[in-house]
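Note sheet for the following structure.
A note on names: the letters A, B, ... follow the listed sequences, proteins ahead of strands, and every chain is numbered from 1.
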Amino acid sequence: MEQTLLSAEGLSGLIFLALVAVTVIGALVAVAAQRLVRGIAGLSLCFIGVAGLYYFLNSPFVAMMEMLIYVGAVCVAIAFAIMLAEPRSEDKVGKTSGLGAVFGVIVGGLAFLGLALADKHTHWAGAPSKLNSGSLTEVGKALLTSYSLVFELISLVLLVAIIGALVLAQSGRDK
Amino acid sequence: MLALSSQLNTYLFLAAFLFAAGLYGLVQRRSLIGMLISGELVLSGASVNLMAFNHFLAPDPTVGQIFTLFIMGIAAAEAAIALSIIIAVYRNYQTIDAEDLHDLQG
């Protein structure tokens, strides 16, 4: 199937490749950067790429929530924590042990190889027909009917998390 | 090459890469916040996986989206708790390096 670069499919393919590159580079920066601030910048880059992938997977709402929650809230919260608690990185650079990196490469490489081989050697059988279009309307209906209990539970979990975070951050405040 | 976005394997390989990068970071990072960042990468690999299966294979394409939304909620709660624990640890020990936190070692 030959596609010209300037057709709509070709352009969307290029954008997809760019998103994949952004995701991969962001993930590498997030785990390999010496300073944590650069790591969190890489993490938000990676999340932006993942949000683009969700758009390609036909779910723009999840892509928007990814931008809103991960890039907008989680990354910013982690950035604040880094500003509050990052050690001076100059005296850290010499202290990184090579052993951890070697073990990390072994563990990560084995996990990637295993998962990739499992992907490659499995024949994925698709569903014969789709029940619905997977649009935002259908998602909303399912959230308030089939998944209403989980919906309630997750709001409870978030409430408990907020209270717990406040209590944890409160203790030892006067030190 | 330009038709990669319509193949399931592309997303699965990418998700495996994100998961493996997160594992590498979890093993290699020494600071607690670095480990938290790597954990977020692992979670996002899982989310990409679910969304890919949801789009290509699932009979009901809302299930994966809802699952991913719930993962986001859990991840936000986890990040909030973990960050406040890290701040509390920093107040008590003046460090967030995992190897300097000796008090809980057996």
Side-chain angles (χ1 to χ4, degrees), chain A residues 1 3 10 13 16 20 23-24 27-28 30-31 36 39-40 43 50 53-54 56-59 62 65 69 73-74 77-78 81-82 84-85 87 100-101 103-105 107-108 111-112 115-116 119 124 126-127 130-131 134 138-139 142-143 147 150 154 157-158 161 164-165 168-169 171-172 175, chain B residues 1-5 8-9 11-14 16-25 27-28 30-31 33-34 36-38 40-41 44 48 51-52 55-62 65-66 68-70 72-77 79-81 83-88 90-92 95-97:
Chain A
M1 188 169 70
Q3 285 177 327
F16 181 78
V20 170
T23 311
V24 169
L28 286 179
V31 291
L36 284 175
I40 194 64
L43 186 70
V50 169
L53 293 182
Y54 289 164
F56 270 87
L57 287 171
N58 203 14
S59 18
V62 183
M65 293 314 277
I69 295 177
V74 172
I78 298 179
I82 291 172
L84 283 173
F103 273 125
V105 167
V107 170
F112 179 70
L115 287 173
D119 289 345
W124 304 109
K130 302 256 177 191
L131 288 179
E138 304 288 346
V139 173
L143 265 181
Y147 303 97
V150 198
I154 197 120
V157 165
L158 282 172
L168 276 173
S171 63
K175 276 186 191 170
Chain B
M1 194 67 179
L2 289 180
L4 275 180
S5 65
L8 174 61
N9 272 335
Y11 297 96
L12 294 189
F13 282 137
L14 198 65
F17 173 79
L18 286 179
F19 180 77
L23 272 188
Y24 165 75
V27 175
Q28 175 249 352
R30 296 159 52 94
S31 71
I33 294 183
L36 178 65
I37 291 176
S38 310
E40 296 290 336
L41 274 182
S44 119
V48 170
M51 289 294 285
H55 181 61
F56 289 103
L57 302 180
D60 183 354
T62 59
Q65 299 187 42
I66 290 168
T68 307
L69 289 175
F70 286 143
M72 281 177 194
I74 297 286
I81 292 290
L83 285 176
S84 57
I85 290 176
I86 289 170
I87 296 295
Y90 182 73
R91 277 208 194 103
N92 286 318
T95 178
I96 52 166
D97 192 320

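- The contact between B:F56 and chain A is made by backbone and side chain atoms together, counting heavy-atom distances below 4.5 Å.
- Proximity to chain B (any heavy atom under 4.5 Å) is restricted, for A:V50, to the side chain, taken from C-beta onward.
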Between B:F19 and A:L115, does the side chain to side chain contact (heavy atoms under 4.5 Å, CB included) criterion hold? Intermediate values first, please.
CA-CA 9 Å; B:F19 180 77; A:L115 287 173; 3.7 Å; yes
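- Most heavy-atom pairs under 4.5 Å with chain A: of the set B:V48, B:I86, B:T62, B:L69, this distinction falls to B:T62.
- Options B:I74, B:I87, B:L83 differ in how many heavy-atom pairs under 4.5 Å they form with chain A, and the most are formed by B:L83.
- Per-residue counts of heavy-atom pairs under 4.5 Å with chain B were compared for A:V139, A:I40, A:L158, A:L53; the largest is that of A:V139.
- When each of B:A76, B:A16, B:S38 is checked for heavy-atom pairs under 4.5 Å with chain A, B:A16 comes out on top.
- The aromatic rings of B:F13 and A:F112 lie tilted to each other, with the angle between the two planes from 30° to 60°.
- Between chain B and the residues A:F103, A:F56, A:W124, the most heavy-atom pairs under 4.5 angstrom are made by A:W124.
- Of the listed residues (A:I78, A:T23, A:V20, A:L28), the greatest number of heavy-atom pairs within a distance under 4.5 Å of chain B belongs to A:I78.
- A:I69 touches chain B through its side chain: at least one heavy atom from C-beta onward sits under 4.5 Å away, while N, CA, C and O do not.
- The two residues A:A161 and B:A77 make their nearest non-hydrogen contact at CB-CB, 3.6 Å.
- Most heavy-atom pairs under 4.5 Å with chain A, from the set B:L8, B:L23, B:L36, B:I66: that is B:I66.
- No other option in B:G22, B:G34, B:S44 has as many heavy-atom pairs under 4.5 Å with chain A as B:S44.
- To the nearest 0.5 Å, the span separating CE on A:M65 from CD on B:Q65 amounts to 12.0 Å.
- Residues B:Y90 and A:L84 approach most closely at CE2-O, 3.5 Å, considering heavy atoms.
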Go through it in stages, so that I can follow the logic: the residues are A:V74 and B:E40, the test is side chain to side chain contact (heavy atoms under 4.5 Å, CB included), and I'd like the CA-CA distance, side-chain angles, deciding distance and then a yes or no.
CA-CA 9 Å; A:V74 172; B:E40 296 290 336; 4.1 Å; yes
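- For chain B, the nearby parts of A:A81 are the backbone and the side chain; heavy atoms of each come within less than 4.5 Å.
- In this structure, the portions of A:L143 lying under 4.5 Å from any heavy atom of chain B include both its backbone and its side chain.
- Here the side chain of B:R91 pairs a donor or acceptor atom with the backbone of A:A169 at under 3.5 angstrom.
- Chosen from A:A142, A:G39, A:A111, A:S59, the residue pairing most often with chain B at heavy-atom distances under 4.5 Å is A:S59.
- For B:I81, the parts lying under 4.5 angstrom from a heavy atom of chain A are both the backbone and the side chain.
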Determine, stepwise, if the pair A:V105 / B:Q28 fulfils side chain to side chain contact (heavy atoms under 4.5 Å, CB included).
CA-CA 8 Å; A:V105 167; B:Q28 175 249 352; over 6 Å; no
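- The most heavy-atom pairs under 4.5 Å with chain A, out of B:L18, B:I37, B:N9, come from B:I37.
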